[in-house]
Every structure is written in structure tokens, then in C-alpha cells.
Amino acid sequence: QVQLVESGGASVQAGGSLRLSCVASGYSHYYRFHMAWFRQAPGKEREEVASISPGAGEQYIAESVKGRFAISRDDPERTIDLQMTDLKPEDTAMYYCARGANAWARPLGPQGYSFWGQGTQVTVSS
């Protein structure tokens, strides 16, 4: 079955950096699917942080993290990474990796992603 496993979460001080990774398995043609990173803080809705299209030709970065976060994918390794710099306390959240529901199709919001990882915690202290 499809599995997404995140890693790289940690507790850091404001201004620090982290790199999150997500490894996908259990399905073929990895390169055909949109992938994304979401986050959810306690008491808040799940927020799409960044997403990347098949071939990495289209990338979305949320306004709240633009200029600080970057998303990348390595199709042979079946991974997507989220490079996070200049972290702020408001970046504290559980971060989730997600895969689009259908090959090639751009997901429309969280409901367009059908597979999710278990999450990795990022905590930023001031």
C-alpha cells in the first residue's frame, strides 16, 4: 500500500534551519503525482505550505513562508524535501507529506490529496 514517511522534524531556536524529507513507497510511477507539504498547529486548520508538480515545473509556496521555505523532489529516490530557513515560532506545527489523488492532476486543496504521512513535529522557540 502507499506509504509516506516523513523525517527531519526537531526543536530549534528562532532563526534556525531544518530540512524535512518524505520518502514514498508502495506505488509505481512516482514522478506522475503532485506532492505537497502541509502543516497543522494545535487549534488551527491544516495549511498547505508548499507543493510541487510532476517534473517540478510548477511549485507553490505559501505566502507565510515565501522566501524562507523551498520544496524539491528527487524522483529516482522517491522523495520530496522541504528546506526551511529563518524559522519563526509561528512555524511550530506538525508537518505532513501528501500525495495527489490522481496521476498528473493538480490537487485542489487538501481534499485533492489522497495519501498522507504520519507527520513530523517542528517546534521553534523564541
Side-chain angles (χ1 to χ4, degrees):
Q1 70 276 21
V2 175
Q3 283 195 315
L4 302 173
V5 179
E6 304 97 333
S7 64
S11 296
V12 298
Q13 291 195 328
S17 300
L18 284 174
R19 188 176 186 90
L20 306 184
S21 290
C22 170
V23 180
S25 63
Y27 64 101
S28 56
H29 306 302
Y30 168 83
Y31 64 94
R32 295 181 179 179
F33 293 89
H34 278 74
M35 303 293 294
W37 285 97
F38 286 77
R39 69 184 180 185
Q40 189 166 22
K44 294 189 176 181
E45 290 189 358
R46 189 165 292 194
E47 172 191 16
E48 183 175 354
V49 176
S51 63
I52 190 165
S53 67
E58 294 180 7
Q59 297 181 22
Y60 163 81
I61 303 291
E63 198 62 37
S64 58
V65 303
K66 195 166 288 186
R68 301 188 295 119
F69 289 15
I71 189 170
S72 60
R73 65 188 296 158
D74 184 335
D75 289 340
E77 295 296 322
R78 304 170 70 89
T79 61
I80 63 165
D81 287 354
L82 185 69
Q83 179 67 49
M84 307 187 294
T85 62
D86 190 22
L87 283 161
K88 304 178 185 301
E90 52 264 41
D91 295 320
T92 295
M94 186 72 79
Y95 283 71
Y96 299 91
C97 172
R99 197 208 81 174
N102 300 301
W104 306 116
R106 175 190 288 189
L108 298 177
Q111 62 271 25
Y113 292 88
S114 55
F115 296 97
W116 297 80
Q118 292 299 305
T120 187
Q121 178 68 38
V122 172
T123 302
V124 185
S125 58
S126 57

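Keep in mind that what you see is a predicted model, and the values were worked out from it rather than measured.
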Euclidean distance, [Y] [atom2] relative to [X] [atom1], rounded to 0.5 Å:
X     : Y     : atom1 : atom2 : value
Ile80 : Ile71 : CD1   : CD1   : 4.5 Å
Leu18 : Met84 : CG    : CE    : 4.5 Å
Arg46 : Phe38 : CZ    : CZ    : 8.0 Å
Tyr60 : His34 : OH    : NE2   : 13.5 Å
Phe69 : Tyr95 : CZ    : OH    : 4.0 Å
Leu82 : Ile61 : CG    : CD1   : 7.0 Å

Looking at every heavy atom in both [X] and [Y], which two are closest together, and how far apart are they?
X     : Y     : answer
Ala36 : Glu48 : CB-OE2, 4.5 Å
Ser53 : Arg73 : O-NH1, 3.0 Å
Cys97 : Met35 : SG-CE, 4.0 Å
Glu47 : Ala62 : OE2-CB, 4.2 Å
Asp81 : Cys22 : OD1-N, 4.3 Å

Aromatic plane relationship, Tyr27 with Tyr30 - under 30° parallel, 30 to 60° tilted, over 60° perpendicular: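 Tyr30 and Tyr27: tilted rings.
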Distance-only donor-acceptor pairs under 3.5 Å for side chains of residues 86-94, two or more places apart:
{"residue": "Asp91", "atom": "OD1", "partner": "Arg39", "partner atom": "NH1", "Å": "2.9"}
{"residue": "Asp91", "atom": "OD1", "partner": "Arg68", "partner atom": "NH2", "Å": "3.0"}
{"residue": "Asp91", "atom": "OD2", "partner": "Arg68", "partner atom": "NH1", "Å": "2.7"}
{"residue": "Asp91", "atom": "OD2", "partner": "Arg68", "partner atom": "NH2", "Å": "3.4"}
{"residue": "Asp91", "atom": "OD2", "partner": "Lys88", "partner atom": "N", "Å": "2.8"}
{"residue": "Thr92", "atom": "OG1", "partner": "Pro89", "partner atom": "O", "Å": "2.9"}
{"residue": "Thr92", "atom": "OG1", "partner": "Val124", "partner atom": "N", "Å": "2.9"}
{"residue": "Thr92", "atom": "OG1", "partner": "Val124", "partner atom": "O", "Å": "3.4"}

Non-hydrogen side-chain atoms of Glu6 and Leu20 separated by less than 4.5 Å: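 No; the side chains remain at least 4.5 Å from each other.
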Pairs meeting criterion side-chain hydrogen bond (donor to acceptor under 3.5 Å, both in side chains) with involvement of residues 106-126, two or more places apart: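 Found Glu58-Arg106, Gln121-Thr123.
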Same apolar cluster: Val23 and Phe115, side chain cutoff 4.5 Å: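 No, Val23 does not connect to Phe115 through the hydrophobic network.
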ILVMFWY network linking Ile52 to Val65, side-chain heavy atoms under 4.5 angstrom: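 Shared cluster, yes.
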Stacked cation flag Arg99 on Phe33, 6.0 angstrom / 45 deg: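 Relative to the ring axis of Phe33, which defines the angle, Arg99 lies inside both limits.
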Worked check of side-chain contact (heavy atoms from CB on, under 4.5 Å) between Thr79 and Ser21: CA-CA 7 Å; Thr79 61; Ser21 290; 5.7 Å; no
Disulfide bond (SG atoms under 2.5 Å apart): pairs with one or both residues in residues 24-61, sequence neighbours excluded: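 Listed once each, the pairs would be none.
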Glu77, CD: over 12 other non-hydrogen atoms inside 6.0 angstrom: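 Counting other residues, nucleotides and ligands, CD of Glu77 stays at 12 neighbours or fewer.
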